[in-house]
Amino acid sequence: QVQLAESGGGLVQAGGSLRLSCAASGRTFSSYAMGWFRQAPGKEREFVAVITWSDGNTFYSDSAKGRFTISRDNAKNTVYLQMNSLKPEDTAVYYCALKRNTPTYYSPKMIYEYDNWGQGTQVTVSS
């Protein structure tokens with residue numbers, strides 16, 4: 001079984017930055033993708049970004065593109081989400097997720113595609 005643990009959330013003013021981390025432990029896989037999703041109060045969970053472990057291919061939502069950067073540290077089994085120029089509308093609980101057996105050049109973006117989820121970390125952006 002895989003365990004995912006997010007950290008790095010907090011309160012930040014609009015225009016500020018945060019870096020989220022997600023450490024994976026337990027069973028590992030040779031080809032998988034790790035994604036970030038978020039869920040704001042009263043809204044559905046939505047895709048933010050994904051990175052494939054084997055080739056580092058990344059994909060972003062329109063709202064994240066240009067402001068957020070997803071990266072990975074293979075040695076630490078950790079994925080990061082650097083968030084810059086934060087806006088109040090970025091306020092949400094951010095979740096990391098893992099999808100096993102991800103084909104090369106494929107970037108999963110749907111919730112149902114992912115096999116494991118973290119508990120989430122709260123990000124609050126004040127205006």
Side-chain angles (χ1 to χ4, degrees):
Q1 189 61 283
V2 176
Q3 292 82 42
L4 303 176
E6 303 100 333
S7 61
L11 174 64
V12 64
Q13 289 187 333
S17 299
L18 281 175
R19 189 177 82 155
L20 306 182
S21 300
C22 175
S25 59
R27 183 181 177 185
T28 58
F29 305 89
S30 60
S31 58
Y32 59 98
M34 291 191 72
W36 285 98
F37 290 75
R38 67 185 184 184
Q39 188 166 16
K43 295 188 176 181
E44 294 185 351
R45 192 170 300 189
E46 64 177 6
F47 168 79
V48 176
V50 60
I51 187 166
T52 53
W53 217 252
S54 57
D55 55 13
N57 189 41
T58 60
F59 189 88
Y60 298 90
S61 66
D62 288 343
S63 62
K65 204 173 301 181
R67 299 188 300 127
F68 295 1
T69 302
I70 189 170
S71 62
R72 73 198 194 288
D73 184 328
N74 291 18
K76 296 182 179 180
N77 283 335
T78 299
V79 64
Y80 303 98
L81 186 68
Q82 178 67 44
M83 304 186 294
N84 299 328
S85 302
L86 283 162
K87 306 174 182 179
E89 51 264 43
D90 294 318
T91 295
V93 177
Y94 283 70
Y95 298 90
C96 70
L98 181 146
K99 171 179 167 51
R100 300 189 291 264
N101 303 320
T102 303
T104 304
Y105 302 120
Y106 180 70
S107 298
K109 297 175 282 294
M110 306 303 290
I111 293 172
Y112 66 82
E113 296 184 278
Y114 286 80
D115 303 294
N116 302 92
W117 291 83
Q119 294 299 308
T121 185
Q122 177 71 45
V123 172
T124 303
V125 184
S126 63
S127 57

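Bear in mind the structure is a predicted one, so any value in this text is a computation, not a measurement.
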Report the distance from atom CG of Asn57 to atom OG of Ser107, rounding to the nearest 0.5 Å.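 If we round to the nearest 0.5 Å, Asn57:CG and Ser107:OG are 4.0 Å apart.
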When rounded to the nearest 0.5 angstrom, what distance separates OG in Ser7 from OH in Tyr94?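 If we round to the nearest 0.5 Å, Ser7:OG and Tyr94:OH are 15.0 Å apart.
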According to a hydrophobic-cluster definition based on side-chain heavy atoms being under 4.5 Å apart (Ile, Leu, Val, Met, Phe, Trp, Tyr only), do [X] and [Y] belong together?
X: Tyr80; Y: Val2; result: no
X: Leu81; Y: Val12; result: yes
X: Trp117; Y: Val93; result: yes

Considering all heavy atoms, the nearest [X]-[Y] contact:
X: Tyr60; Y: Ile70; result: OH-N, 2.9 Å
X: Ala92; Y: Gln122; result: O-NE2, 3.5 Å
X: Ser127; Y: Ala14; result: CA-CB, 4.4 Å
X: Glu113; Y: Pro108; result: OE1-CA, 3.5 Å
X: Thr78; Y: Ser21; result: CG2-CB, 4.3 Å
X: Gly9; Y: Thr121; result: N-OG1, 3.2 Å

Report yes if some heavy atom in the side chain of [X] is under 4.5 Å from a heavy atom in the side chain of [Y]; otherwise report no.
X: Val123; Y: Arg38; value: no
X: Met83; Y: Leu20; value: yes
X: Glu46; Y: Ser61; value: no
X: Thr52; Y: Thr104; value: no

Using side chain to side chain contact (heavy atoms under 4.5 Å, CB included) as the criterion, point out the one residue from Asn74, Ile51, Leu4, Val50 that pairs with Val79.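 Among Asn74, Ile51, Leu4, Val50, the one meeting side chain to side chain contact (heavy atoms under 4.5 Å, CB included) with Val79 is Ile51.
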Please name the residue in the list Tyr114, Tyr112, Tyr95 that meets the ring pair (Phe, Tyr, Trp, His ring centres under 6.0 Å) test with Phe37.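 By the ring pair (Phe, Tyr, Trp, His ring centres under 6.0 Å) criterion, Phe37 pairs with just one of Tyr114, Tyr112, Tyr95: Tyr114.
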Please check if the side chain of [X] supplies one atom and the backbone of [Y] the other of a donor-acceptor pair under 3.5 Å.
X: Gln82; Y: Arg19; result: no
X: Thr102; Y: Ala33; result: yes
X: Gln119; Y: Glu6; result: no

Can you name the one residue among Lys99, Arg100, Gln3 that meets side chain to side chain donor-acceptor pair (under 3.5 Å) with Asn116?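 Looking at Lys99, Arg100, Gln3, the match for Asn116 under the side chain to side chain donor-acceptor pair (under 3.5 Å) is Arg100.
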Measure up the Trp53 and Tyr32 rings against each other and bin them: parallel (under 30°), tilted (30 to 60°), perpendicular (over 60°).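 Taking Tyr32 first and then Trp53, their aromatic rings lie parallel (interplane angle under 30°).
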Of all pairs that satisfy salt bridge (Lys or Arg N to Asp or Glu O under 4.0 Å), the ones with a partner from residues 54-64, not counting sequence neighbours: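 Every pair satisfying salt bridge (Lys or Arg N to Asp or Glu O under 4.0 Å) with a residue in residues 54-64: Asp62-Lys65.
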Take a 6.0 Å sphere around CD of Gln39 and say whether it holds more than 12 heavy atoms from other residues, nucleotides or ligands.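 Buried by this count: over 12 neighbours within 6.0 Å.
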Are Asp90 and Arg67 close enough, and set up right, to give a side chain to side chain contact (heavy atoms under 4.5 Å, CB included), and what steps lead you there? CA-CA 11 Å; Asp90 294 318; Arg67 299 188 300 127; 2.7 Å; yes
